[in-house]
Chemist: 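Got a structure here, written out as structure tokens. Questions coming.
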Amino acid sequence: MTTKPELSKNIDVLPGLAALALFAAMAVAILSANFGPIQGFEAGAAITRSIGYALFNLERAAPVVTSEGFLMPFLAVAFVLDAALGAAVMLARREGGEE
Amino acid sequence: MVVETQYYVLLSAAMFSIGVFGLLTRRNALRFLMSVELMLNAANINLVAFSAQWGNMTGQTFSLFVLALAAAEVAVGIGIILVLFRNFRDVDVTEPATMRW
Amino acid sequence: MVGAFDFAAAIPMLPFASFVVAILAGYFTPRLLPKGGAVPGIIATGGSLLLSGWLMVTVSGTEHYYNQEIYTWTTGLAGETFDLSFGLLLDPLSSYMLVIVALISFLVHVFSLGYMNDEGETGLPRYYAGLGLFSFSMLAFVMASNILMAFMFFELVGLCSWLLIGFWFREPGPPSAAKKAFLVTRFGDYFFLIGVVAIFATFGTGLFAPRGDELGFPQLTAEALSGEMAPVVADFLGTIGLEPQTWFALIGLLVLGGVIGKSAQFPLHTWLPDAMEGPTPVSALIHAATMVAAGVYLVMRMYGFYAQLPRILALIALVGGFTALMAATMAMVKREIKQVLAYSTISQYGYMMLALGAGGYVAATFHLMTHAIFKALLFLGAGAVIIAMHHNENMWDMGGLKDKMPVTYWTFLSGSLALAGIFPFAGFWSKDEVLYEALIHGLNDPILLLAYAMGLIAVVFTGFYTFRMVILTFHGEARTETAEDPGSVRWNVKFPLVVLGTLAATVGVVNMAPVKELTGWDITYLHHWFESGIQTVTLGEYHHLLESAAGYHAADLAPFLPAALSLGLALTGAGLAWILYRGPDPTAHTDKLGSIKTLLYNNYYQDEYQVWLAEGVTMPLAQVADKFDQGIIDGVVNTISSLALFSGSRIRRLQTGRVTNYAAMLTLGLVVIVLVVALIGGWF
């Protein structure tokens with residue numbers, strides 16, 4: 001049997017008001033702001049390919065958009081993910097050894 | 001048709017606020033994780049929107065890193081929730097309130 | 001060439017070594033310590049005595065004196081402030097005093113073998129450590145070349161006195177007496193300390209005597225008063241805006257506070273009789289011969305300073321004369337042998353102060369020496385009697401000891417004759433010179449004449465109490481069983497007695513001024529002794545200063561009549577005692593004095609009024625200060641801290657430990673920040 005989504009009534013509304021207030025404040029600020037015209041990319045720019053090259057510090061001619069290199073952050077994130085995996089395994093393991 | 005950047009930002013703000021709302025009103029730790037995920041991706045929307053605004057690749061590339069870090073965060077978060085469940089037989093975040101003064 | 005000066009530092013260091021040995025060996029290996037520390041002490045003080053003698057010979061032969069810095073322990077800013085250092089000043093005065101101190105110290109160590117070791121006392125290493133430390137401090141004090149060093153060792157001497165008076169700390173009396181001695185002398189030393197600071201502030205130096213080009217402060221004073229003020233002194237006087245004469249007198253008074261406390265002068269004399277609670281050799285060493293002399297010695301050391309302050313000199317003379325008289329009256333009614341000696345000590349130091357105040361520098365040094373000898377002798381003799389009487393000090397329980405302890409009797413008699421000032425014993429010559437100096441200067445100065453009169457009357461009382469003591473102790477018939485069969489004493493008691501007894505009878509030859517007048521022989525050796533020395537620290541300079549700065553003029557008077565007068569008075573006193581207390585079973589005559597007796601027994605209620613001063617005046621003041629401190633100063637601090645505590649205890653309730661609440665607060669904070677930034681940035 002499938003259940004259809006249903007509005008939960010078991011919530012604390014009062015703190016939720018704070019979130020609404022935050023949205024209101026940000027919305028007012030954003031709507032009153034002016035970011036100027038959109039510059040955008042050149043027509044026919046290969047965005048996804050550009051991201052791939054940028055991640056490995058590679059330079060290519062157009063239509064690849066040139067950008068700064070991200071090899072070092074890439075490696076750093078690789079380590080962070082590795083560490084997170086290890087941490088998750090360590091946390092998930094039951095205390096008291098193998099099972 | 002070109003959508004003004006500020007509407008992207010407004011969308012991002014809305015998503016962020018929804019995340020905050022979930023964080024503030026719910027007590028289930030798993031729902032917490034989902035809310036945090038919403039908030040992180042609200043930031044991604046901003047990155048991509050401004051990348052398009054200035055014609056600069058950095059924002060889009062960076063959003064990839066945010067996704068990767070979100071994955072790491074979820075991995076650790078789920079681990080913590082597992083421990084929480086093991087200790088309290090529940091995933092209600094209001095239960096563990098002993099780590100104060 | 002290696003001379004005595006090169007070994008001078010060893011004079012105090014030897015007793016210090018014995019102190020270290022006694023305290024370390026006594027703590028770790030008491031069995032290895034021969035005689036509980038007496039042997040190292042005797043060797044050390046014997047060595048000091050030999051070195052002092054050598055030093056004295058060196059000093060006497062030449063015009064070669066030693067005044068050197070040996071260790072600078074604080075270096076001041078160059079040109080702006082001054083250095084603080086330890087130095088040695090070896091001139092006729094200090095070498096003379098060193099011999100006295102070392103001699104008495106040595107003999108007291110020997111005597112202690114009989115008084116402490118043979119009596120089976122416990123804690124001997126502590127006792128000998130105290131004696132060693134005391135000898136060290138006193139010898140170093142005597143050699144001090146500047147007033148700060150002198151002050152430090154002055155204090156150390158007081159500390160040793162506290163340690164030794166309180167030697168029998170398990171009994172109720174000694175600790176209390178020790179505390180009293182310490183506090184009363186500290187009270188005086190407090191003024192002395194301010195005086196030291198004042199001297200450094202005024203003169204920028206604390207030297208007693210010129211060293212190379214550096215002048216000592218007495219010399220700077222002389223320059224200042226004669227109009228050639230050194231710039232540093234002029235600067236300081238300009239700052240405080242006082243006349244030099246007034247300010248110097250103030251400094252002199254401050255330092256005099258320490259002198260009065262240490263030398264047990266009125267009104268700070270009350271500690272000395274109580275200090276008799278200590279072991280008798282300690283009384284002999286500290287409270288008769290040496291420590292009490294420290295105060296008087298200090299005045300002698302800086303006599304070049306005092307000699308220029310006529311008002312302070314008059315005060316010194318007056319205090320001295322009054323103390324001599326008052327203490328002598330109190331000594332007349334005491335029952336305990338040591339109490340009589342204690343009051344006589346106060347009285348005799350009064351004489352020295354009288355001499356110093358009256359311009360009789362040589363007379364004071366002479367009396368200091370003879371007194372050190374005969375009073376040490378009397379105390380040691382009293383110690384021997386106390387050993388024999390199994391520690392009963394009441395003279396009314398004695399009597400008839402003459403035949404049973406002949407050595408003690410004859411030596412004690414020699415000391416008594418010296419104390420009473422009977423011709424030709426040492427005390428006669430010195431006391432006569434004190435009174436003579438007071439008289440010849442007093443003929444031109446009524447204050448000095450008054451002081452002289454008091455000193456002269458005290459002679460009668462001195463003769464009386466001395467012979468009352470001798471007669472009650474040694475003559476008549478034994479009044480108790482202990483006195484019938486007294487304990488015996490050994491060589492270690494008799495040897496110091498014989499040495500001192502001989503000296504007490506003969507040492508007067510060093511300065512027989514009246515004989516010189518009579519015969520014309522040049523035999524006032526002590527005068528010649530002090531005429532040499534470092535320039536401007538000599539007798540001639542002092543006389544010059546006394547005449548030019550203080551306006552002292554000696555009247556021309558032959559010494560025979562005053563000498564005969566004081567001798568006659570002393571004999572009168574002695575004879576009176578003989579008449580009243582002779583016979584086999586003397587009666588107590590003190591009851592006939594009526595209410596005066598009560599007054600004398602209670603020492604003129606000195607203690608009572610000082611206690612009243614402490615409890616009735618000082619304590620309420622201290623309580624007010626305490627209230628201010630506790631209530632206002634502490635109150636402010638406590639209020640601030642309790643406010644912080646209170647607010648902290650309230651604010652911590654925010655920390656619920658629920659993640660949701662923290663997140664809500666963060667959110668609200670973010671809202672506020674956004675609003676504030678937006679309002680300030682004018683986005684709306």
Side-chain angles (χ1 to χ4, degrees), chain A residues 8 10-27 29-42 45 47-48 50-55 64-70 73-74 76-78 80-95, chain B residues 2-28 31 35 42 48-84 86-87 94:
Chain A
S8 171
N10 183 24
I11 56 171
D12 307 332
V13 185
L14 202 64
L17 292 177
L20 290 180
L22 179 65
F23 177 67
M26 288 200 292
I30 289 163
L31 290 174
S32 66
N34 178 21
F35 294 101
I38 295 174
Q39 291 175 3
F41 294 102
E42 287 164 34
I47 304 295
T48 315
S50 306
I51 293 175
Y53 288 125
L55 279 180
V64 171
V65 180
T66 45
S67 154
E68 54 194 310
F70 282 91
F74 185 81
V77 166
V80 169
L81 280 171
D82 206 12
L85 190 68
V89 170
M90 192 200 81
L91 285 170
R93 242 177 33 197
R94 282 179 189 278
E95 281 147 45
Chain B
V2 177
V3 181
E4 290 281 327
T5 307
Q6 56 183 324
Y7 295 107
Y8 290 111
V9 179
L10 190 63
L11 173 68
S12 153
M15 249 174 93
F16 186 81
S17 298
I18 291 167
V20 171
F21 186 86
L23 211 59
L24 292 181
T25 53
R26 299 298 180 165
R27 311 171 74 170
N28 188 315
R31 284 181 206 262
S35 305
V48 175
F50 282 105
S51 174
Q53 159 98 15
W54 302 114
N56 188 327
M57 288 302 300
T58 305
Q60 303 211 13
T61 318
F62 222 89
S63 66
L64 282 180
F65 288 117
V66 174
L67 289 176
L69 285 176
E73 177 249 313
V74 168
V76 177
I78 298 241
I80 290 172
I81 290 170
L82 274 173
V83 175
L84 193 67
R86 208 177 287 152
N87 288 339
T94 56

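The structure presented is a predicted model; accordingly, all values stated were derived computationally and were not measured. Within every chain, numbering begins at 1; the chains are lettered A, B, ... in the order of the sequence lines, protein sequences first and strands thereafter.
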Chemist: For residues Thr5(B) and Ile38(A), report the shortest heavy-atom separation together with the two atoms involved.
Modeler: OG1-CG1, 3.7 Å

Chemist: Between Gln60(B) and Phe41(A), what is the shortest heavy-atom contact and its length?
Modeler: NE2-CE1, 3.8 Å

Chemist: Can you pull out every salt bridge (Lys or Arg N to Asp or Glu O under 4.0 Å) where at least one residue sits in residues 4-16 of chain B? Sequence neighbours excluded, please.
Modeler: none

Chemist: Where is the tightest heavy-atom contact between Leu81(A) and Ala71(B), given as atom of each residue plus distance?
Modeler: CD2-CB, 4.3 Å

Chemist: Side chain from CB out, backbone as N, CA, C, O: work out which of these in Leu24(B) comes under 4.5 Å of a heavy atom of chain A, or both, or neither.
Modeler: both

Chemist: If we define contacts as heavy-atom pairs under 4.5 Å, which of Leu17(A), Leu31(A), Leu85(A), Leu22(A) has the most with chain B?
Modeler: Leu31(A)

Chemist: Would a 4.5 Å heavy-atom cut-off, applied to side chains only, mark Leu69(B) and Val80(A) as touching?
Modeler: yes

Chemist: Heavy-atom cut-off 4.5 Å, strictly under: side chain, backbone, both or neither for Ile47(A) against chain B?
Modeler: both

Chemist: Let me confirm one number: the CH2-CZ distance from Trp54(B) to Phe35(A), rounded to the nearest 0.5 Å.
Modeler: 9.0 Å

Chemist: In this structure, are over 12 heavy atoms from other groups packed under 6.0 Å from Phe23(A) atom CZ?
Modeler: yes

Chemist: Hey, can you tell me if Phe65(B) and Phe70(A) have their rings parallel, tilted or perpendicular (30° and 60° cut-offs)?
Modeler: tilted

Chemist: Give the minimum heavy-atom separation between Ala75(B) and Ala84(A), together with the two atoms involved.
Modeler: CB-O, 4.3 Å

Chemist: If you look at every heavy atom in Ile30(A) and Val9(B), which pair is closest and at what distance?
Modeler: CD1-CG1, 3.4 Å

Chemist: Need one label for Leu64(B): side chain, backbone, both or neither, based on atoms under 4.5 Å from any heavy atom in chain A.
Modeler: side chain

Chemist: Are more than 12 heavy atoms, taken from residues, nucleotides or ligands other than Gln39(A), located less than 6.0 Å from that residue's CD atom?
Modeler: yes

Chemist: Counting neighbours of CZ on Phe50(B) that are heavy atoms of other residues, nucleotides or ligands and sit closer than 6.0 Å, is the number greater than 12?
Modeler: yes

Chemist: For residues Ser67(A) and Met57(B), report the shortest heavy-atom separation together with the two atoms involved.
Modeler: CB-CB, 3.5 Å

Chemist: Identify which part of Ala87(A) has an atom lying under 4.5 Å from any heavy atom of chain B, answering side chain, backbone, both or neither.
Modeler: side chain

Chemist: Where does Ile78(B) contact chain A at under 4.5 Å (heavy atoms): side chain, backbone, both or neither?
Modeler: neither

Chemist: Heavy-atom pairs under 4.5 Å with chain A are the metric here; pick the option from Leu23(B), Leu82(B), Ile81(B), Asn56(B) that has the most.
Modeler: Asn56(B)

Chemist: Indicate every side-chain donor-acceptor pair of residues 12-22 of chain B with a distance under 3.5 Å to a residue at least two apart or in another chain.
Modeler:
unit_1: Ser12(B); atom_1: OG; unit_2: Ala42(B); atom_2: O; d: 3.0
unit_1: Ser12(B); atom_1: OG; unit_2: Asn46(B); atom_2: OD1; d: 3.3
unit_1: Ser12(B); atom_1: OG; unit_2: Asn46(B); atom_2: ND2; d: 3.4
unit_1: Ser17(B); atom_1: OG; unit_2: Ala13(B); atom_2: O; d: 3.0

Chemist: Among Ala54(A), Ala19(A), Ser50(A), which residue has the highest count of heavy-atom pairs closer than 4.5 Å to chain B?
Modeler: Ala19(A)

